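Every value quoted in this text rests on a predicted model; they were computed, and no experiment measured them. Labels below follow one simple rule: chain letters A, B, ... track the order of the sequence lines, proteins then strands, and each chain is numbered from 1. Reckoned from all heavy atoms, side chains included, excluding hydrogens, waters and symmetry mates.
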Amino acid sequence: MKIKRMVSLMLCGMMLVAGLGGCGKEPVSADGETVDSKSTQIEGGVDASGSMGRFMESEVALPENVSDILYAALLADGSIELFARNSDNDSYQVQVSKDGGESFSALAIDAGQIDEIFNAYIFSSAIRSDGTVVGLMPGKDNTGSIMAGIIRPDGSMEKKELVIPDVESQNQEYAATPMDCAFDAAGNLIIENLNSYFYRADIESGTCELLTDLEEKHVRHFGIAGNQVLAVAEDGISIVNSADGTAWEADGLLDEMMAADITLADKNGEYARPLVFTGGDSEDMIFYVNHQGLFGHARGSSINEQLINGALCTIGDTSAGFLNLMMVDERQFYLAIIDGTDAGKLLKYVYDENVPTMPEKELKIYALKDTTFLRQAVSSYQKNHQDVFVNLQIGRSGEDGVTAQDAIRALNTEILAGNGPDVLILDGLPVESYIEKGMLKDISAVVEEIDGSEGVFGNVKQAYQKDGAIYQFPARFYVSLVNGDEEALAAGASLEKLADYVTAQKAAGESKIFPMGGAAKLLEKLYYADSAGWFDESGKLKEEAIEQYLSCAKQIYDAQPNESEAVDYYSPKIDASLFGTLDAFSVVMKEAKLGYGTLVDISELVMLHSMNEVHGWSFSPANVDVVKGFGVYQLAGILAGTDVGEQAEDFLRTLFGAECGTLSYNGFPVNRAAYEALCEQEKHAYDGNEGNAGVNVSTPEGEHYNLLFQNLSDEVTEKITGILGAAQKPVCMDEVIKEIVLEQGEKALKGEIAVDEALHEIMQKCNLYLSE
Amino acid sequence: MKKKHTGILFVLPHFIGVCIFLFLPFLDVVRRSVFRAAGSFSGLENFKIVLGNDAFRLAAGNTLRFTLVCLPLLLVISLFLAVLIYGTGKTAGALKNAFLVPLAIPAACVVLIWRLLFHVHGMVNGVVTALGGTAVDWMNTGSAFYVLVGSYIWKNLGYVVVLWMAAMDAIPGTVYEAARIDGAGRAASFFYITLPCIRPAAFTIVVVSFLNSFRVFREAYLVAGNYPHDSIYLLQHVFNNWFMSLSVDKMAAGAVLLAIVICTAVSVMQRMWENQ
C-alpha cells in the first residue's frame with residue numbers, strides 16, 4: 001500500500017514539474033541569445049546582465065565626387081587611402097585622409113593620363129601600405145600577361161605588364177584574366193586569376209611567380225591577413241603562406257563558417273563580397289567581417305571572438321557588400337562597403353566602454369517576407385539609434401517550407417501571448433482584421449509629421465485615413481499603365497475597351513496583341529488595374545465587377561497565341577515578387593501591340609520614356625474609366641500596446657522618410673521629397689553619357705533591339721506625377737481574395753471551367769471569407 | 001478510507017494534467033468570450049455576433065448535417081459488419097485488422113488518394129466518363145459533402161467495428177446457447193440478446209464517433225484549403241480562419257457555444273441511456 005502511495009505521489013510530482021516546465025523563460029542559446037525556431041531572427045538580444053562596452057558605428061563623410069569605392073586601405077603612416085570612381089564621369093581618383101577620415105585630399109594626378117592607364121575595365125585593385133595603388137586589367141591578347149595600372153604616392157603613374165608564367169599548364173583562355181588581388185604584409189602583390197592560380201607579383205620588375213594552384217577548389221575571392229592568403233571557396237577556406245606558397249592546415253572554425261553559409265564564397269556586387277579579412281598584431285591572427293559581425297580568430301584555434309554584433313549596425317544589412325576591413329588597433333576599425341544602392345561608404349567602429357554591451361531597448365519588427373528595402377530601412381534606423389536593438393523577425397525565410405498561413409498563425413500566437421512585435425510590415429497580413437480588432441495604433445501623427453516636413457502623396461494619405469486616424473501606411477506605391485500608340489492608349493482606358501480592341505485586332509489578322517506570359521500573368525496584370533474597384537461602400541464584393549474582369553480576361557486570352565508561344569522579354573521584379581509589369585519590350589519586339597501592366601519604378605519609366613521617344617508612343621493610366629487604383633509595397637503599422645512606441649514611431653519615420661525613400665527603386669516612394677529627388681536624379685542620370693547606357697534584347701529568332709536610355713524629360717515627370725497623384729483607391733491587397741480570384745480565373749481562362757462557374761466559385765468563397 | 005485516498009492519488013496526475021492543459025485554458029476561453037479582441041468587456045455581444053455570423057451559421061449547419069448523416073450510417077454499417085465478422089470464427093481477427101488499416105494511414109496520404117480519385121480529371125471521373133457519364137467536379141460541388149461522409153466512414157469503420165466486437169465478446173456464450181435451445185433464430189438472438197447486451201457500450205461508441213466526426217476537418221482542409229465548397233465548410237474552418245484574422249473574441253464565443261452544445265448532447269444521450 002505504501003509503495004502504491006509513493007508511486008502515485010511521484011507521478012503527481014512529475015506531472016507538476018512537467019506542467020511548470022512550460023512556464024519557464026524562452027530558450028536561450030549558448031551565447032545567451034533568445035532562440036526563435038519559428039522565424040529567421042537576427043542574432044542578438046537585449047542584455048540584462050548590465051555588462052558595458054561596445055563598438056559604436058559612425059559613417060565617414062566621403063568627398064563629394066566619390067561614387068563607387070574600388071578599394072580602401074589603411075597605410076603604414078595611419079592614413080586612409082581610397083581608390084574610387086568619380087561621380088561625375090567614369091574616371092578614377094585617389095583620396096587620402098591623414099586625420100582618420102575627418103577630411104580627405106585628392107592625390108594630384110593627371111586626369112588625361114589616368115584615363116589612358118585605366119582604359120579597360122578594372123577587374124580588381126589593391127593599395128599597398130605605402131599608398132601605391134594597383135588596378136588590374138586583362139592583357140591585350142588575353143594570354144600571357146596581366147596589365148597593371150599603377151598610381152604611386154607621389155601621383156606618378158605607369159602601366160605595367162605582369163608576365164604570367166606556366167600559362168600552358170592551365171586553361172589559357174583565363175590565365176591572364178585577373179580575378180582578385182591584394183598586398184600582403186611584406187608588400188607583395190598577390191594575384192588570383194580566373195583559373196584559381198595564385199601568383200606573387202613584383203610590380204616594379206613586372207615579374208610574377210606561381211604561389212600556389214587552387215584550381216580544384218574553385219576559389220571565388222580571397223583576402224589577406226598579414227602573410228596569410230585566405231582563399232574562399234564553397235567547400236572551405238584554404239590558407240596559404242604568401243611568403244613561400246606553403247599551405248597551412250585547414251582551419252576548422254573557418255571551414256565550419258563556410259559550411260553553414262556557402263554564399264560567403266560569392267561576390268555580391270562588382271568588387272564587394274560578404275566576407276573580408278585583415279590581419280592583426282600577431283602572425284596567425286585573422287580578423288574578419290561577415291553579416292553576423294566582426295570577429296577575431298587566431299588561425300587553428302577554436303576561439304572566435306565576436307567584437308561587433310552585425311545586428312546592431314550596418315554590418316548586418318544583407319543588401320550591403322564588404323570591400324575592405326582595416327584595423328587601427330583592437331579598439332578601432334574601418335570598414336569600406338558598397339550599400340544596397342551601390343553607393344560606397346566608409347564606416348568607422350570605435351570601442352566605447354561607457355555604453356552597454358547590448359542596447360537596453362529592443363524593437364521587434366515583423367515582416368512576412370524579407371526584402372532588401374526593409375533591410376536597408378533597419379540598417380538606416382540602427383545606424384542612427386545605436387541604443388536600440390532591432391530584432392527583425394521574418395515569417396517566411398523561404399528556406400524552411402513555412403507557408404504564409406503557418407507564419408501568420410505563429411505571429412498571431414505570439415501576439416496573443418503578449419510577445420508580439422512592435423512594428424508590423426503588413427504586406428500579406430490580415431491588416432483589415434487587425435484594424436477592426438483595434439490591434440493597430442494610430443500613426444497619423446508620424447504621417448502628418450513627415451507630410452509637414454518632407455511631404456507625402458496626399459492621395460495615398462487620404463486613402464489610408466479612417467475616421468481621422470491612420471493605422472497603416474505604405475512606404476512605396478505603383479500604378480498600372482498602358483503604353484503604345486493613340487489607339488492602344490484609348491483601348492487601355494477600361495478592360496471592356498481593351499478586350500474589344502484585342503478582339504478587333506485579332507479579326508484584322510493580328511495575332512500578337514497583348515503582352516503575354518500565360519494566363520496567370522494576364523490575370524495578375526488585369527488584377528492590379530481593376531481590383532481597386534471591386535468593392536462597394538459597405539465593403540461587399542461587386543459580382544458584376546468580377547464578372548467583367550473574368551470575361552474581359554477570357555476574351556483577351558482567347559485572342560492570343562498559345563501559351564507556349566508567349567515570350568516574356570522584360571519582367572522587372574519587386575523583391576523577387578513578379579508584379580504584372582508593363583512588358584513594354586514586347587511591343588518593340590513585335591510580340592504585342594501595346595504595353596500593359598504596373599510601372600514598378602522610376603528606372604522602368606526611364607526605359608519607357610526612352611522607348612517612346614524613339615517610336616513616338618506615349619503612356620496613360622490603365623483602366624482609368626473604371627477606377628484610378630494604385631498598388632502598395634511595404635505597408636507598415638505599429639501594434640497597439642507596444643511598450644516601445646516611441647522607438648516604433650522613430651522606425652516608421654525612417655521607413656517613410658526621404659533618406660529611405662531614395663535608397664531603393666522598388667515602387668515609387670510615397671515620400672514627396674524622396675520622389676522628387678529620384679525624378680531629379682533621372683533627369684540628369686545620362687548627362688554627358690547619352691548614347692552609351694542602354695539595354696539590348698534579342699528575340700529567339702535572332703532579331704536584336706538596342707535601346708539607349710535618355711534622361712527623363714520634365715514633361716514625362718509631370719505626367720507620371722499627375723498619374724501617381726490622381727490614383728485614388730488601393731488595389732485589393734488581400735491575399736485571400738487575390739488567391740481565390742487568380743486560382744479560379746486561371747481555370748476559366750484555360751477552359752477547365754466556364755467563366756460563370758469561376759465567377760460562382762469566386763463569389764461563394766470570397767463572400768464566405770468576407771462574412772467571417 | 002486509506003484505500004479511497006490511494007485511488008485519488010492515482011487519479012491526481014491525470015487530473016492535474018487535465019486542469020493545466022484543458023480546464024484552465026478553457027476558463028481563459030470563457031473569459032475571452034465576454035471580452036473584445038482589444039480587451040474591453042463586451043458581455044454577451046460576442047455571442048450575438050457569432051450567432052448572427054453567416055459563416056458560423058453555415059459551418060454549424062454543415063457540421064450538424066454531417067454529424068446527423070455520418071453517425072447513424074457509421075453505427076449501423078459498423079454494427080452490421082461487426083455481427084458478420086463475429087460470426088466468421090477464426091477469420092474474424094484478420095478481417096478486424098483489415099478494417100483497422102485506414103486508421104493507420106496518415107491524413108496527408110489520404111488527401112493524396114482523394115486528389116487522385118476525386119479531381120476533375122481524376123480516376124473516379126475516368127471511370128464515370130468511360131461508362132458514358134459526365135465528369136463531376138467532386139470537390140467543388142455539393143458532391144464534396146458525400147466525399148467527406150465516405151471518407152469519415154471509411155476511416156472510422158474499423159475502429160467502431162472493433163468496439164462493437166469487444167462489446168459482443170463480453171456477452172456469455174451460454175446465453176446464446178440457451179436461446180438456441182429455446183428455438184431462437186439468428187435474428188431473434190440479435191434483437192433480444194446482442195442488442196440489449198451491447199447497449200451500455202453503445203453509449204461510449206456513439207460519444208467517441210461523435211467526437212471523431214470533428215476530426216474530418218483535417219482531410220477537408222488539406223484537400224480544399226481554408227475556403228472549400230460551401231457544403232464542406234465546417235466549424236473548424238471558421239475557427240481556423242478566425243485565428244488567422246486574430247478574431248479571438250468570436251473564436252472564444254464560438255468555442256463556448258460549441259462546448260455547451262457538445263456537453264448538452266452528451267448529457268442528453270447519457271440520460272437517455274440511463275433511463276433505458
Side-chain angles (χ1 to χ4, degrees), chain A residues 1-16 18-20 22-23 404-409 411-413 415-416 420 429-434 436-440 640-641 735-737 739-740 743-744 747 752-753 757-758 760-762 764-772, chain B residues 2-3 5-21 24 28 32 36-40 50 52-59 119-121 135 137 140-141 221 224-231 233 237-252 254:
Chain A
M1 223 44 185
K2 231 177 185 179
I3 292 171
K4 275 188 183 174
R5 205 174 303 154
M6 290 283 285
V7 170
S8 60
L9 278 170
M10 212 167 74
L11 285 170
C12 282
M14 281 168 67
M15 198 73 209
L16 205 64
L20 293 175
C23 308
Q405 289 184 12
D406 294 338
I408 294 170
R409 262 186 225 111
L411 169 69
N412 287 349
T413 308
I415 292 173
L416 285 176
L429 296 180
V431 56
E432 291 303 328
S433 177
Y434 286 176
E436 194 189 312
K437 308 285 173 314
M439 308 300 291
L440 296 179
E735 289 296 319
V736 175
I737 290 179
E739 196 183 315
I740 291 170
E743 187 191 337
Q744 297 301 323
K747 283 184 189 172
E752 291 171 17
I753 54 174
E757 287 174 89
H760 177 259
E761 281 294 310
I762 289 169
Q764 178 252 315
K765 286 174 195 272
C766 290
N767 284 336
L768 199 55
Y769 165 68
L770 294 170
S771 70
E772 281 173 348
Chain B
K2 256 187 179 178
K3 202 173 180 178
H5 285 149
T6 308
I8 289 170
L9 282 175
F10 268 103
V11 170
L12 207 54
H14 185 73
F15 181 71
I16 292 171
V18 168
C19 282
I20 292 173
F21 297 113
L24 291 178
D28 186 47
R32 284 177 189 271
R36 290 186 188 90
S40 56
V50 166
N53 186 288
D54 290 341
F56 181 80
R57 279 153 61 167
L58 173 71
H119 188 266
V120 72
H121 302 303
D137 190 356
N140 291 310
T141 56
Y221 174 74
N226 285 330
Y227 297 96
H229 185 263
D230 262 2
S231 63
Y233 182 74
H237 282 104
V238 188
F239 288 128
N240 189 52
N241 296 340
W242 276 343
F243 188 71
M244 289 287 290
S245 59
L246 212 61
S247 304
V248 193
D249 42 2
K250 285 195 253 181
M251 210 164 60

Of B/Asn53, B/Val11, B/Asp54, the largest count of non-hydrogen pairs under 4.5 angstrom with chain A goes to B/Asn53
Turns out that what part of B/Ser40 lies under 4.5 Å from chain A's heavy atoms comes down to neither
Most contact-rich option vs chain A, by heavy-atom pairs under 4.5 angstrom, among B/Val120, B/Asp249, B/Asn240, B/Leu58, is B/Asn240
Whatever's closer than 4.5 Å to a heavy atom in chain B on A/Glu772 counts as both
Next item on the list: Classify the side-chain pair A/Tyr434/A/Asn412 by whether it contains a donor and acceptor separated by less than 3.5 Å.
Entry: yes
When rounded to the nearest 0.5 Å, the distance separating NE2 of B/His14 from SG of B/Cys19 is 10.0 Å
Answer key: most heavy-atom pairs under 4.5 Å with chain B among A/Cys766, A/Ala640, A/Gly438, A/Ser433 is A/Ser433
Just wondering, are more than 12 heavy atoms of other shown residues or ligands nearer than 6.0 Å to CD in A/Glu739?
no
Applying a strict 4.5 Å limit to non-hydrogen atoms, the region of B/Phe15 in contact with chain A is neither
Note: vs chain A, highest number of non-hydrogen pairs under 4.5 angstrom among B/Ala37, B/Gly225, B/Ala59 is B/Ala37
The interface call for A/Val736 against chain B, heavy-atom contacts under 4.5 Å, is side chain
Query raised in the report: Given A/Lys747 and A/Glu761, is the side chain to side chain contact (heavy atoms under 4.5 Å, CB included) satisfied, shown in steps?
Result: CA-CA 11 Å; A/Lys747 283 184 189 172; A/Glu761 281 294 310; over 6 Å; no
Counting heavy-atom pairs under 4.5 angstrom with chain A, the leader among B/Val238, B/Asn140, B/Asp137 is B/Asn140
So, the part of B/Phe56 with a heavy atom under 4.5 Å from chain A: the answer is neither
In this structure, CG of A/Leu440 is separated from CG of A/Leu429 (nearest 0.5 Å) by 9.5 Å
When the 4.5 angstrom heavy-atom criterion is applied to A/Leu416 and chain B, the contacting part is both
Separation between CD (A/Glu752) and NE2 (B/His121), nearest 0.5 Å, reads 5.0 Å
Parallel, tilted or perpendicular, as decided by the 30° and 60° cut-offs, for the rings of B/Tyr227 and B/Tyr233:
parallel
Output for pair (B/Ser247 OG, A/Glu436 CD), nearest 0.5 Å, gives 6.5 Å
